[in-house]
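Note on naming: letters A, B, ... go to the chains in the order of the sequence lines (proteins, then strands), and numbering restarts at 1 for each one. Values in this document were obtained by computation on a predicted structure and should not be read as measured data.
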There are 2 protein chains.
Amino acid sequence: MRYAGTISKRNNNNMKVTINDVARLAGVSMKTVSRVMNNEPSVRKKTSDKVMAAVKELNYKPNLAARSLAGTKSFAIGLVYSNPNAYYVIDMQNGILSRCKEEGYELLIHPCSSTDENVLDEIQTMIERSRLSGLVLTPPLSEREDVIELLDSLNINYVRILSGREPTEQEGKSNAIFVNDHDAAYQITEHLISLGHKHIAFITGEEEHKSTLERLAGYKAALSEHNISLDESLIFPGKYSFESGVEGAKAIMAKNSKVTAIFACNDEIAAGALFASRLMDIKIPEQLSITGFEDSPFSKQTWPKLTTAHQSNQDIATQAAKLLFANSRPTKIKEEKMAVCFTPELVVRDSTGHIA
Amino acid sequence: MRYAGTISKRNNNNMKVTINDVARLAGVSMKTVSRVMNNEPSVRKKTSDKVMAAVKELNYKPNLAARSLAGTKSFAIGLVYSNPNAYYVIDMQNGILSRCKEEGYELLIHPCSSTDENVLDEIQTMIERSRLSGLVLTPPLSEREDVIELLDSLNINYVRILSGREPTEQEGKSNAIFVNDHDAAYQITEHLISLGHKHIAFITGEEEHKSTLERLAGYKAALSEHNISLDESLIFPGKYSFESGVEGAKAIMAKNSKVTAIFACNDEIAAGALFASRLMDIKIPEQLSITGFEDSPFSKQTWPKLTTAHQSNQDIATQAAKLLFANSRPTKIKEEKMAVCFTPELVVRDSTGHIA
DNA sequence: TTGTCAATTGACAGCGTTGTCATTTTTACT
DNA sequence: AGTAAAAATGACAACGCTGTCAATTGACAA
């Protein structure tokens, strides 16, 4: 395979180009070059041009290590997650990365298991050894008080991605992105109700995840709003996994013949429920409607395609990163309005239908 | 949620602890502390103990930026990929990360689109600004000559993950991990043949991917070995995507009624073929057998479950990282034998069956 | 005990930037 | 033109660590 683009005049003289080289070529001091590189004010246009020309000619790239050692910024932020969902994680990474690229930052990723006792130490070590200038936290880590306490005590800038509608009573007001699982779940449930379903089962995710609680709450709110009495026995405690969906659907169908719809707490569970339905020879959506949540790529690939709630994790991540950088900026607040609350949208596909 | 583990005596005095502090407390020079931290020889056990004690007491963590600036190592390696498959990428990251953790390195991830003209520049910039000490390349980037040329000219240590059986004629002998797609494809095809199939269609991935060619070659080899004449019209040029599988299966079944099996170049394609079969009301595996490749998580979640070839991307990635670190070690070669060739293994599930 | 050589340790410069603060240049007025 | 204030620029130390090389210590043989 051959490189298709323009052959760029790559500077491969193999010698490190330092700020000093640029300064000499441009006929200014190192400090001035530094100013230009950092977009600091108080540099004459003419000077700046000279410097930029020299930078281009030498193909100069500031050394991040030196920059972070000498300065106060570190040019790296971290992403800590314990979420096993590959699609979710990739979207998060890409969303944050897109913003990092603009800011010239690097992203250090740090997967960890939330059950591991050492998470706190790991996070602290990560922050201290790399002198991270910020951190993005995803659920369920973002919901852990001890993690937040640690970050506060470390005096580090962070943004949490949270399930909820509003900055809660907690202080965490300006450094969180909210995903309104409640209202999305409400919509899904309402959709089911509008199709005539009255006996709607619910398969939950891990109860440690706030999203589980929020979605469940939205479901309950919709039922109540439409005067459908809540039947606690229709709520099956599960995990955010395919297997959980399989089990859940089996259990539900086995013990309750009245159920005509299942609200799965995410797409994986829904896919599992779909699978179980096949096993039990239950026709979807003719005999049973199933809904997912998240709109993962595979929700379009199941048979039938899943009705679900679409949330763009990449957008959420980008906003989180934006917020992080905005907060770390020296008081230049509110440079642009930022969405801090996302409500996933109902996407009706083929796994839900009118009650028979 | 509350932190379950032992409450560690966290040193949150908020003051940076430097190597100098440790040196003073231990009553040695900074250089000696440095030696201990880097496991250099020529440090008396007694001295080392003193230092370690001080390190622990102060909860000292070496500053990566300073380390990389002063020393020759950078404590960061990079992972460059243009692969859209979330599962693949996550596995790669985790595999590499597990090794990085042991070595105390950080991982910088760098997704990029292989069609982008700027990949070369991006890679170069990434390497130079972070002074990366190594790079792991995944297909298809790892197969691009121009990328390799660039890395060589940059004089950077790298490991490629390649599709193939052996270090090819090319120089790249000691810095590549091979995935033997050919033999795995051979096995899959043989499996199909053993079930009585003689008209086996093949849906390819992007032809720029060497894996596509290797898998196709394995398929052809198996056919030939079993005296089944190759029918080029049964080869459907596709992409590594679900949609491609849908289209491919439709096209194949539309124009050739003799086909009883489809070899899909990966699981996504297979899932798409499965989906299309449902659309066309074709029973799997009774009327048609379908095989995947890679054993993605969802290959156990399709209906029916996919027969595929299992490859542990995480292991592959770990080996790649191992090789990378081994190569960068100053001539301490062959510290442990390393697997450099992986052959995915046939996993028979429910999407293949005897010919009717 | 003393000398010799290897093992251990330390002093110090320097990695490539930026922060601080002093100096020079420009601008805006009288 | 002359002056004060503002703007632009530069000199230099410092960031926290490791490489180099010199100094010290210990081990061992004579």
Side-chain angles (χ1 to χ4, degrees), chain A residues 15-52 54-55 58-76 104-106 127-133 330, chain B residues 15-52 54-55 58-76 104-106 127-133 330:
Chain A
M15 269 308 302
K16 299 180 223 174
V17 179
T18 74
I19 201 172
N20 190 27
D21 302 322
V22 178
R24 259 188 322 220
L25 179 59
V28 298
S29 73
M30 281 167 34
K31 181 64 212 188
T32 297
V33 177
S34 169
R35 286 195 180 93
V36 175
M37 296 306 293
N38 292 287
N39 288 313
E40 287 175 30
S42 290
V43 179
R44 205 158 306 175
K45 175 77 167 53
K46 213 176 108 188
T47 315
S48 169
D49 288 343
K50 269 194 304 186
V51 173
M52 289 309 285
V55 165
L58 296 175
N59 194 19
Y60 166 69
K61 317 237 173 59
N63 177 323
L64 285 193
R67 248 143 92 109
S68 82
L69 183 58
T72 43
K73 306 198 286 179
S74 77
F75 293 92
Y105 273 61
E106 294 293 341
I127 293 173
E128 292 187 342
R129 71 201 292 262
S130 298
R131 297 268 194 280
L132 290 188
S133 58
Chain B
M15 269 309 300
K16 300 179 220 176
V17 180
T18 75
I19 200 172
N20 190 28
D21 302 323
V22 178
R24 259 188 322 220
L25 179 59
V28 297
S29 73
M30 282 171 24
K31 180 65 212 188
T32 297
V33 176
S34 169
R35 287 197 180 89
V36 174
M37 296 308 292
N38 292 288
N39 286 313
E40 286 175 31
S42 293
V43 179
R44 206 159 303 176
K45 176 78 166 51
K46 213 175 106 187
T47 314
S48 170
D49 288 345
K50 269 194 305 187
V51 172
M52 289 308 286
V55 165
L58 297 175
N59 193 18
Y60 167 68
K61 316 237 174 60
N63 177 324
L64 285 193
R67 248 143 92 107
S68 83
L69 184 57
T72 44
K73 306 198 285 178
S74 77
F75 293 92
Y105 274 62
E106 294 293 342
I127 293 173
E128 293 186 342
R129 69 200 293 263
S130 298
R131 296 274 194 274
L132 291 188
S133 58

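With a cutoff of under 4.0 Å to any heavy atom of chain B, the contacted region of DNA chain D is bounded 5' to 3' by D:dG16 to D:dG26.
Residue A:Thr72 places at least one side-chain N or O under 4.0 Å from the OP1 or OP2 atom of C:dG19.
A residue-by-residue look at B:Gly71 and B:Thr32 shows that B:Thr32 has its nearest nucleotide of DNA chain C further toward the 5' end.
Exactly one residue among B:Thr47, B:Val43, B:Val28, B:Val51 makes a side chain to side chain contact (heavy atoms under 4.5 Å, CB included) with B:Arg35. That residue is B:Val43.
Checked against salt bridge (charged side-chain N to carboxylate O under 4.0 Å, His left out), A:Lys50 has no partners two or more places apart in sequence or in another chain. With sequence neighbours excluded, no residue satisfies salt bridge (charged side-chain N to carboxylate O under 4.0 Å, His left out) with A:Arg44.
Defining each end axis of the helix from C:dT1-D:dA30 to C:dT30-D:dA1 as the rotation carrying four pairs' C1' atoms onto the next four, with five pairs an end, the two axes are found to diverge by 30° to 10 degrees.
Once rounded to the nearest 0.5 Å, the distance linking CE of A:Met37 with NZ of A:Lys61 reads 10.0 Å. Going from atom CG of A:Leu58 over to atom OG1 of A:Thr18 covers 9.0 Å, rounded to the nearest 0.5 Å.
The distance from atom CG of A:Leu64 to atom C1' of C:dT17 is 11 Å, rounded to the nearest whole Å. Going from atom CE of A:Met30 over to atom P of C:dG16 covers 10 Å, rounded to whole Å. Summarising the geometry, the separation between NZ on A:Lys31 and C1' on C:dT17 is reported as 9 Å, rounded to the nearest angstrom.
Donor-acceptor pairing under 3.5 Å, judged by distance alone, is absent between the side chain of A:Lys16 and the base of C:dG16.
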Show every donor-acceptor pair shorter than 3.5 Å between a side-chain atom in residues 64-75 of chain A and any protein atom, with sequence neighbours excluded, or say none if there are none.
from	atom 1	to	atom 2	distance (Å)
A:Ser68	OG	A:Ala65	O	3.3
A:Ser74	OG	A:Ala76	N	3.2
A:Ser74	OG	A:Ala76	O	3.2
A:Ser74	OG	A:Arg131	O	2.8
A:Ser74	OG	A:Ser133	N	3.2

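Pairing each heavy atom of A:Tyr60 with each of A:Val17, the nearest pair is CD1-O, 3.4 Å. Residues A:Met30 and A:Ala23 come closest through the heavy atom pair N-CB, 3.7 Å.
Among the protein residues, A:Tyr60 comes within range of the sugar-phosphate backbone only, with heavy atoms under 4.0 Å from sugar or phosphate atoms but none that close to a base.
For DNA chain D, the neighbouring residues in residues 34-48 of chain A, judged by any heavy atom under 4.0 Å, are A:Arg35, A:Ser42, A:Val43, A:Arg44, A:Thr47.
A salt bridge links B:Asp21 with B:Arg24: at least one charged nitrogen is closer than 4.0 Å to a carboxylate oxygen.
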